[in-house]
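Here's the structure we're looking at; comments come further down.
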Amino acid sequence: MSSDGRKTVRISYREAMRQAMRDAMLRDPRVFLMGEDVGRYGGCFAVSKGLLEEFGPERIRDTPLSESAFVGAGIGAAMGGMRPIVEIMTVNFSLLALDQIVNNAATILHMSGGQFNIPLVIRMTTGAGRQLAAQHSHSLEGWYAHIPGIKVITPATLEDARGMLWTALEDPDPVLIFEHGGLYNMEGEMAADAGAVDIEKAAIRRSGTDISLITYGGTLGKALQAAEELAKSQISAEVVDLRTLRPLDTQSIIDSVTRTHRALVVDEGWRSGSISAEISARIMESAFYDLDLPVARICSAEVPMPYAKHLEESALPQTAAIVETARQMVGVRG
Amino acid sequence: MSSDGRKTVRISYREAMRQAMRDAMLRDPRVFLMGEDVGRYGGCFAVSKGLLEEFGPERIRDTPLSESAFVGAGIGAAMGGMRPIVEIMTVNFSLLALDQIVNNAATILHMSGGQFNIPLVIRMTTGAGRQLAAQHSHSLEGWYAHIPGIKVITPATLEDARGMLWTALEDPDPVLIFEHGGLYNMEGEMAADAGAVDIEKAAIRRSGTDISLITYGGTLGKALQAAEELAKSQISAEVVDLRTLRPLDTQSIIDSVTRTHRALVVDEGWRSGSISAEISARIMESAFYDLDLPVARICSAEVPMPYAKHLEESALPQTAAIVETARQMVGVRG
Amino acid sequence: MPPQATTPESAPAPEHSLMLLREMLRIRRFEEKCAELYSGGKIRGFMHLYIGEEAVAVGAMQVLQPDDAIVSTYREHGHALIRGVPAKTIMAEMYGKQEGCSRGRGGSMHLFDAATRLYGGNAIVGGGLPLAVGLALADKMQGRERVTACFFGEGAVAEGEFHESMNLAALWKLPVMFCCENNLYAMGTALRRSESETDLCLKASSYEIPAWPVDGMDVVACEEAARHAYLSVHSGGGPCFVEFRTYRFRAHSMFDPQLYREKQEVEEWKKRDPLVILQSRLEQQGLLNAEDLARFEDEIGAEIAEAVEFAEAGTWEPVEELTRFVYSESSRS
Amino acid sequence: MPPQATTPESAPAPEHSLMLLREMLRIRRFEEKCAELYSGGKIRGFMHLYIGEEAVAVGAMQVLQPDDAIVSTYREHGHALIRGVPAKTIMAEMYGKQEGCSRGRGGSMHLFDAATRLYGGNAIVGGGLPLAVGLALADKMQGRERVTACFFGEGAVAEGEFHESMNLAALWKLPVMFCCENNLYAMGTALRRSESETDLCLKASSYEIPAWPVDGMDVVACEEAARHAYLSVHSGGGPCFVEFRTYRFRAHSMFDPQLYREKQEVEEWKKRDPLVILQSRLEQQGLLNAEDLARFEDEIGAEIAEAVEFAEAGTWEPVEELTRFVYSESSRS
Ligand SMILES: Cc1ncc(C[n+]2csc(CCOP(=O)(O)OP(=O)(O)O)c2C)c(N)n1
Ligand SMILES: Cc1ncc(C[n+]2csc(CCOP(=O)(O)OP(=O)(O)O)c2C)c(N)n1
Ligand SMILES: [Mg+2]
Ligand SMILES: [Mg+2]
């Protein structure tokens, strides 16, 4: 039983994502999954395991290693009346399909004067932390959020893994879903009847009064741990989960900061030009006079991700750094 | 004669760029130019006109329409001891080569533990303003500046068009040069003996005391016009030309802002996640207490560029808006 | 060297031939007007003329059915016109007026039309091919017997997206009719300077896609070749590839000094002007007389005049609407 | 179905054959140790074993000269070892120690070595091909008679970068030896499910690149095929393409349940284990006796033990050095 008395089940993020896809396939015959090894292999991260057996090779399509073509085909299929879920194995390979995403998916509705919308969902794994080195550890979701015409969502909880996909599929425009590779094995209790959730609003995952920890995706867990840690020393940290990076829910960010007067953005992207910069700029623009001190950022070091464990850990945002920085910030009484 | 008494010549940005390439070809036999239509066609924007006749097809190489392969070949050739200048006709097509730029050019030095550096220069035209519509009007230089391992420079003056290339070629690492398409026809006086210039420091193009207009590339001219305009109403605006977007010369930005206490960033990129956000965030982090009011940004509207002239103009940063915003900001006495 | 004239297997019905001639003339005159308006500053941005290649669009479009789909390039005025997009909405688009077929947001390179299933001129070389594959996939998955015709130039063959799309379409046996408009140049780059193997049909075959070349200056031959391909694709045989061997009489775009080819070569090809070829053939056969031609010119002249009038009278979309169509206005797909 | 054994044209000298066997054994034992260390948590990240494919790297490397260049993939332990990168620096790399051949920054997928001109394992499928083209271009422009060997799997053939690179290499007649390791699967995707035309040599021919297949389980045949290619490339004939028909005995990476293939199929192929094939051939010819084999095992065992020791004794790069090698430390190129 969850707090609100709804029946709950124990589930992993991976399984929640799979249920979301299965549910969508059952609800709408126009929905199909296409990508590298989504079928016979069961998905690179086993997310689509079993779906081929249930839905067959027409709707669970293994593709050749042709990222640009199958992402573009997803755009075409969406215009042709289907509701494709295109899986790009990881964000690192999405660079090979960027032309289709930026020059076609994001522009066609506009270039056609509103005639052709693209109801396409693209899922991809993102993030570092598993010693996969420089070509397999990008966190580019914040970078994608720069592109008008697409939406970018980052489920960080079981409920969002289970509920964001359907809403994304019902959206008339292209939605990119970034799943942090470190989350798939996360387990917990989820309402048994969990279903579709909005993909517009940020969520307060923990309320607090002294400082706002603003984050999303793979670093939400670290921020919550940090808040727990800070609580021990009577520092009340509010944790804001952005959930959607484009369009950003600026209002929720500003509301939180006007309550706490301090903001620390935590983001696994490289610091320069990261989504955390945009958030800092928006707070500057809308809550400057509410700030007790400058907005701070904890991001990844600006280095291609090294393989060695100790170097990778030192390159990524860590709970200890969040706690330490937050302490100093709260220490500075406005 | 220029102010400092050096002999000057009247020259266009296009011609300055061509002289820079010609000079580099003459100085270093390892330098060669490769790209689409750089040879027989004379360059899409006529920048390389005449070079084929002078240097021959070995060093002025027309390539097939294979952005990923010839950019990757540039990386390989650089590792093989050459000093390639790879021209991507426009930034819009560079998305097809992004895998090579982000996953190879930017990572190999690091992945190899310092064994293989990539002395590669990639030139491309960027920007909007010529009614080329959504697929031919991107301004992604600020977006590229997010990537560690590459450098991003944006010559906005005749001297920089003439002098940045050689320095970029001498740099041991990949340098991306973004030339705003609206600048090629810009003419003016340049020192006859103009040569290599640094690619590290921002430049104060006009000194002022009331507000810092921080910009680069295609919008430098608009910022200077705005400053001129503002001067008429006794507002002294300082114009900072970033010149290099990665690594950013934070110090020069902060120095200017600590003098003027007001900052307005002007950037042709889409607002969310633009380089202007990073600049605002850095000012927040390093000059918060020197600010009389929040840093403001004037960027492109977040829309795929429309073809219609009036819509395109309304989507782009314009002098009038800079003047108006600056007036209001200075009106607010800190 | 231009290919030599081939006499098509079966001569089409006279009125059909006259219609083909008239359609090619429509493109020719329409674009001559566009060039004039461009010089006059009425049309801006990049504009690419199809003059010399009219036989391809006119021939190929004859075989397409109303519910088939079309994906094209930035050189798509001809495709749009012959597909049935009204000349006036095309002209209004090039003016940037909101009465244009893309509301003035696309311009010459981005003509879209839902009514005729024209999925746009695409300004990224090779960028349209994956879209065509996807449109065909949607038809196949929904059990609709439709064909998607994808037009692109020979320059696109060097792009990775060509390779990936050809393979995917063949692997999944999708109903795509790949129409390669081989006009021998990609801007200033001759085919022989961009492909190690210049036989494009041989490339298509390496994906197990049936492929054949056709004299792209002979509209009757073009229609015949397109029909062969269409029938094969429509009957579920998977994609086909047709190489239309044609030539661009004008500059690549409006800013092209044409340093890369000899005037002589252009003149040679102009002798094989698709309009001249058909016209003289019809005259020889006594199927065309001066009156027909005069009537065509008059009708077409009127159509174009009306289009220009319509565009001139068109209105500018209010700048307040700038950020429309970045996302859909109805919140459900 | 595994290909049937072919008897190579000319039998190599006995000691050469023994060396080939020993080299294959080096890869086999080295990787068996890697698998063990991975389970033990000493090696992390993604690791892809070459076991079953040893004949390809061993055969191909025989023909390369010291100043030739090599570009490989994430499945490159074998290429690095046989090229002459010390086993200990490879092992140290997989441990993440700064004594590793990439200072511990690359790991299993990114073995680099300037001394032997190994331009890296590349973890982007197809991503290495353009690099190989560029390295060859540099050699050609500088008048150096070198060859660049580029290894990649058959899965890479579907990537646009394959298509663009093949064409560019052929168009410019560059000295690239394309070595396609066709082990029939790209992760879980069988070749027939990813290519409409599964004859890879036919694809290569469509770029006018000489191409031929070879039994990738027969090291002598592999060396022979590689030599043919090398001579053609080295003599200025432009690129060559060799399809090495081989098989991966182990999982794709360390996290692969292998749902996509039958155990039976794997067993069939194991009967054609490249080590077994050569060993039995040599035994039949009376060129190999138990002592040789025992000696090989001892020497290799010692080499690997030393490598592990070296890796264990290796040191962690100080975290203060994290941001090194993002840009070069000398400011001039
Ligand atoms: C990916 C990409 N690269 C480069 C360009 C610039 N460009 C526009 S048209 C063109 C030539 C294309 O030639 P082809 O495909 O033969 O078509 P044609 O213009 O001859 O009809 C080029 C290089 C582009 N639009 N897209
Ligand atoms: C561009 C890209 N897409 C997908 C992947 C994920 N991936 C890694 S290895 C692999 C299979 C490649 O198969 P193949 O080229 O045959 O080489 P093999 O592993 O069989 O040696 C895939 C799909 C990748 N690394 N890069
Ligand atoms: Mg062409
Ligand atoms: Mg394989």
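Chain identifiers are assigned alphabetically (A, B, ...) following the order of the sequence lines, protein sequences preceding nucleic acid strands; residue numbering begins at 1 within each chain. All of these numbers come straight from a predicted model, not from anything done at the bench.
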Do A:Arg271 and B:Glu278 sit within salt-bridge range, that is, some charged N less than 4.0 Å from a carboxylate O? no
Mind checking the CH2-CZ spacing from B:Trp270 to A:Arg246? Nearest 0.5 Å is all I need. 8.5 Å
Is there a side-chain hydrogen bond (donor to acceptor under 3.5 Å, both in side chains) between B:Ser272 and A:Arg282 once you walk through the steps? CA-CA 9 Å; B:Ser272 296; A:Arg282 292 195 187 191; 2.6 Å; yes
Of all the heavy-atom pairs spanning A:Asn103 and B:Gln135, show the shortest one and how long it is. O-NE2, 2.8 Å
Please examine the side chains of B:Gln100 and A:Leu95, heavy atoms only from C-beta on, and report whether any two atoms are closer than 4.5 Å. no
With only heavy atoms counted, which part of B:Ala133 is less than 4.5 Å from chain A, the side chain, the backbone, both or neither? neither
A:His138 versus chain B, the contacting section by heavy-atom distance below 4.5 Å: side chain
Does the side-chain contact (heavy atoms from CB on, under 4.5 Å) test come out yes or no for A:Val295 and B:Glu285, once each step is laid out? CA-CA 7 Å; A:Val295 174; B:Glu285 285 152 7; over 6 Å; no
Any idea which of B:Ala277, B:Ala281, B:Pro148, B:Ala134 has the most non-hydrogen atom pairs under 4.5 angstrom with chain A? B:Pro148
Looking only at A:Gly142, A:Pro306, A:Ala301, A:Gly269, most heavy-atom pairs under 4.5 Å shared with chain B are made by A:Pro306
Looking at A:Ile147 and B:Trp143, what are the two nearest heavy atoms and their distance? CD1-CZ2, 3.9 Å
For a quick test of reading the model, state the closest non-hydrogen atom pair linking A:Tyr289 to B:Asp292 and the distance between them. OH-O, 3.9 Å
Side-chain contact, heavy-atom cut-off 4.5 Å: A:Asp99 with B:Phe93? no
Are side-chain heavy atoms of A:Thr107 and B:Met305 found at a separation under 4.5 Å? no
Check whether B:Met111 gets within reach of chain A through its side chain, its backbone, both or neither, counting any heavy atom under 4.5 Å. side chain
Looking at A:Ser276, A:Ser94, A:Ser274, A:Ser68, which has the largest count of heavy-atom pairs under 4.5 Å with chain B? A:Ser274
Tell me, for B:Pro247 versus chain A, whether the close heavy atoms (under 4.5 Å) come from the side chain, the backbone, both or neither. neither
Between atom CZ of B:Phe288 and atom CZ of A:Phe288, what is the distance when rounded to the nearest 0.5 Å? 5.0 Å
